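Just so it is clear, the model here is predicted, and its values are computed rather than measured. Here is the naming used below: chain letters follow the sequence lines, and residue numbers restart at 1 for every chain.
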Protein chains: 4
Amino acid sequence: MSIASKQRPRTKPAEERREELMNAAEVLFLEKGIGSTTVGEITAGADVAKGTFYLHFSSKEDIHAALGERFVRAFVADLEAALARASKAGWNEKLAVWVKAATARFLDNGSLVNMLFHTHPRPPDDGPNPIAGNLKALLEAGRDAGAWSLDDPEFTAVFLFGGLHGIVDEVLLGKKRASRARLTQRLQRHFQWSVGLPEA
Amino acid sequence: MSIASKQRPRTKPAEERREELMNAAEVLFLEKGIGSTTVGEITAGADVAKGTFYLHFSSKEDIHAALGERFVRAFVADLEAALARASKAGWNEKLAVWVKAATARFLDNGSLVNMLFHTHPRPPDDGPNPIAGNLKALLEAGRDAGAWSLDDPEFTAVFLFGGLHGIVDEVLLGKKRASRARLTQRLQRHFQWSVGLPEA
Amino acid sequence: MSIASKQRPRTKPAEERREELMNAAEVLFLEKGIGSTTVGEITAGADVAKGTFYLHFSSKEDIHAALGERFVRAFVADLEAALARASKAGWNEKLAVWVKAATARFLDNGSLVNMLFHTHPRPPDDGPNPIAGNLKALLEAGRDAGAWSLDDPEFTAVFLFGGLHGIVDEVLLGKKRASRARLTQRLQRHFQWSVGLPEA
Amino acid sequence: MSIASKQRPRTKPAEERREELMNAAEVLFLEKGIGSTTVGEITAGADVAKGTFYLHFSSKEDIHAALGERFVRAFVADLEAALARASKAGWNEKLAVWVKAATARFLDNGSLVNMLFHTHPRPPDDGPNPIAGNLKALLEAGRDAGAWSLDDPEFTAVFLFGGLHGIVDEVLLGKKRASRARLTQRLQRHFQWSVGLPEA
DNA sequence: AATGAATGAGGTTTCATTCAT
DNA sequence: TATGAATGAAACCTCATTCAT
């Protein structure tokens, strides 16, 4: 303890180590792309030995997938929180809230999204996209409540999510300039059209 | 030399060789992903030596980009041809024709699209997506003709293209079962909503 | 703690743990070779943690050596027991007994022998091979008793042991088919020739 | 050509490169053991890039096997040459010649033998040992000529080869001191006994 | 235009061993 | 006595790219 240099082999809860590795990987993937990031750089970033990586992940692809899942989980949690805060609102407002939250989250994490999901090969089949799934649930609820008319909520959810994603991508690639408010507003309008009927 | 066994080094027009390499690469990229396809496999597929690759492309990334351009060129040509065939039709029908052609093309080449464009890093700025650009032009024409009401045709084009893309992806990933006709019909409806007004 | 589920860290006598580790190692070395067996597999086989290995052996090489010693000890004990049972017999019969016991043991543990002794690097000098040493002692005794004529018992012992070993290897590699009795008989004949004189 | 430093990428006939790699590997395997020799060291020794190794061998194990085959081939060729030189001699003399040649070759390449064949896992089944096979052929010829009496030449060949091998190993491990002439003589005697009958 | 042997940096992964608990 | 997370050196191998022919 006299010298602070070699006290390294510090055991940490697996969960914590895993998080640290994922954080390091996320930063590096973002900075230099996935292909150009080496496992060695990730472990250096997390301040552990290279072998430690393989105690927690089976490969670089594995940590990449974990990052994707973590992102989606947080995204959905965010949407649910926003919806919860608007629990008293009308259905159209709920939809607007959903669009606003999703757009904001996308714009704030744009490169992350690109990095995580615009990669080949895609995560083979992690089931239906949970974000679109979340929208689908909202659409169904609104339809069941008689607020909207929709014959295929899943189709509509996927379509709208795709549209939103496309718009946000375009913005993130710098091909469009637009205020976030204006963007959100336009997206809300498109969503609104697709649920068919005004609330009241 | 007496027997024709070693007559292989047959020179071909550069254009032809280039095509053969691209075809081989396309098949392989589709089958195994870009990262896992080696230049050696591409040249083997095109039945040329490894060095020949670099006579026609400067790198693997280069052929990837060339593949993308070729695909988009053909896609847009297809859309234009479809539109030309419908030159006498009304605007809404033109839009329906566009959606039908785009959907068909996507479904027939879906994995190719994913492979070519869902890859990181994206070409930094090859201008706006030419397919969405094509749609935008259609929307503008329809608006200028007074058939539709749109305050931002580019936004709408990108949004609708994104939606279509999302739907088709979902289908291609096998997450949805639906007849192509029904799919097209639904997409047409969503597109129609977004152009605001019936042609009347 | 309420339930007896985590009562695992049960201390055992060192000797027992050592044996268990050696047994696990022996099985694995046989199955997959020494180089391809990891310490982790050995400890898993013995149902202890990895660190425990180093409480009982200083290295993988160490356990390998221990295995060799254990095998030789048992082998020699077996030979001595067989010889003891034949203490009243004549010298040629004793030799036949030795050959029979050695052949049997070899055939039953052949791959073990190969694994233990055909490995590089060999233990630099653990003295002469104790099994050949045992044979040498027998040859010397017979010679001293005037039963056999041998000018260099060690040479003969090593030669005969090598021959026996070669034959058994061949059989174990499946290259020869022969009944054990026939094999033993032939080996006995070769041994007999080499001790020079009939007992008469 | 002004500077001698960067004229490296010199293409050589595959056969030559292969030999150079094998020579480098042989030296290193001998010096430091197989396990401790890295492919990098082998290629450095052969003055080629690391990747070049894998153009000629699929793995370290592969070059090891190739070394073994090369050694056995040369060994057998040597035996055949010695026998050819003694083509006019009697059968017992031929046998003596065989033993002498085999012993000399073994002693001169002892560590090589150890390195190549005392390794686990053994080459799985490259058929019967060609050296013993060569001896077997000699024994059969002598028996067919009526010079010797042998009921199972293969058995005898394997046995004698094993014996010779055992003796030579012992010597090479430094456990025995003996002049080569004396050693050869004793081995010849043992071989002679095993072919049953004096020639005439 | 075409070849393909050679390059060599850099990748992923393994595993014997240590040591704080 | 026992644990097992952590280490980190080193191994094997791949492959985009070059260049002498």
> Separation of B:R18 atom CZ from E:dA1 atom P, in whole Å?
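To the nearest whole Å, that distance equals 13 Å.
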> I need the CD1-P distance between A:I63 and E:dT13, as an integer number of Å.
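Going from A:I63 (CD1) to E:dT13 (P), I get 12 Å.
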> Rounded to the nearest Å, what distance is computed from the CZ atom of residue A:F57 to the P atom of nucleotide F:dA5?
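Whole-Å distance recorded here is 15 Å.
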> Can you find a heavy atom in the side chain of A:I63 that is under 4.5 Å from one in the side chain of A:F29?
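A:I63 reaches A:F29 side chain to side chain.
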> Write down the distance between CG (B:D62) and P (F:dA16), rounded to a whole number of angstrom.
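In whole Å, F:dA16 P and B:D62 CG are 14 Å from each other.
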> When you compare the side chain of B:R70 with that of B:E26, does any pair of heavy atoms fall below 4.5 Å?
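Result yes, sub-4.5 Å side-chain heavy-atom pair found.
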> Over how many whole Å does the gap from B:E61 atom CD to F:dC15 atom C1' extend?
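One finds 16 Å between C1' of F:dC15 and CD of B:E61, rounded.
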> Encode nucleotides 9-14 of chain F as B, S and - characters from 5' to 3', where the letter depends on protein heavy atoms closer than 4.0 Å: B to the base, S only to sugar-phosphate, - to neither.
-BSSBB
> Below 4.0 angstrom from OP1 or OP2 of E:dA2, is there any side-chain N or O of B:H56?
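Checking E:dA2 against B:H56, a side-chain N or O does come within under 4.0 Å of OP1 or OP2.
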> Are the side chains of A:H64 and A:K60 in contact, using a 4.5 Å heavy-atom criterion?
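No; the side chains remain at least 4.5 Å from each other.
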> Give each stem of DNA chain F as a range with a range, requiring at least 3 consecutive Watson-Crick or G-U wobble pairs whose two distances are under 3.5 Å.
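Stems found: E:2-21 with F:2-21.
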> Could you tell me how far apart B:H64 (NE2) and F:dA16 (P) are, to the nearest whole angstrom?
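Distance check: B:H64 NE2 to F:dA16 P gives 14 Å.
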> Take B:P13 and D:P13, find for each the nucleotide of DNA chain E with the closest heavy atom, and name the residue whose nucleotide sits nearer the 5' end.
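The answer here is B:P13.
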> Apply side chain to side chain contact (heavy atoms under 4.5 Å, CB included) to the pair A:F75 and A:N109, showing each step before the final yes or no.
CA-CA 10 Å; A:F75 200 137; A:N109 295 276; over 6 Å; no
> Only one of C:E20, C:E15, C:E19 forms a salt bridge (Lys or Arg N to Asp or Glu O under 4.0 Å) with C:R17, so which one is it?
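With C:R17 as partner, salt bridge (Lys or Arg N to Asp or Glu O under 4.0 Å) holds for just one option, C:E20.
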> D:K12 has an atom NZ; how far is it from atom C1' of E:dG4, in whole Å?
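It works out to 18 Å between those atoms.
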> A side-chain contact here means heavy atoms from C-beta on lying under 4.5 Å apart; do B:Y54 and B:V39 qualify?
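Heavy-atom side-chain distance check passes, below 4.5 Å.
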> Answer yes or no: does a side-chain N or O of C:R17 lie under 4.0 Å from OP1 or OP2 of F:dA2?
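C:R17 to F:dA2 OP1/OP2: side-chain N or O found under 4.0 Å.
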> Compare the minimum distances between each of E:dA5, F:dT1, E:dA2 and the side chain of C:L55, then state the nucleotide with the smallest one.
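My answer, after comparing the listed nucleotides, is F:dT1.
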> Parallel, tilted or perpendicular: which one describes the rings of C:F53 and C:F57, with boundaries at 30° and 60°?
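The rings of C:F53 and C:F57 sit tilted, inter-plane angle from 30° to 60°.
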> Stepwise, does the side chain to side chain contact (heavy atoms under 4.5 Å, CB included) test hold for B:M22 with B:H56?
CA-CA 10 Å; B:M22 285 173 71; B:H56 299 278; over 6 Å; no
> From E:dT7, F:dA6, F:dG8, pick the nucleotide closest to the side chain of D:A49?
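Nearest nucleotide to the side chain: E:dT7.
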> So if I apply the side chain to side chain contact (heavy atoms under 4.5 Å, CB included) rule between D:T43 and each of D:T52, D:T38, D:V48, which one comes out positive?
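Only one option passes, and that is D:V48.
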> Atom CD1 of A:I42 to atom P of F:dT7: distance rounded to whole Å?
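These atoms are roughly 15 Å apart.
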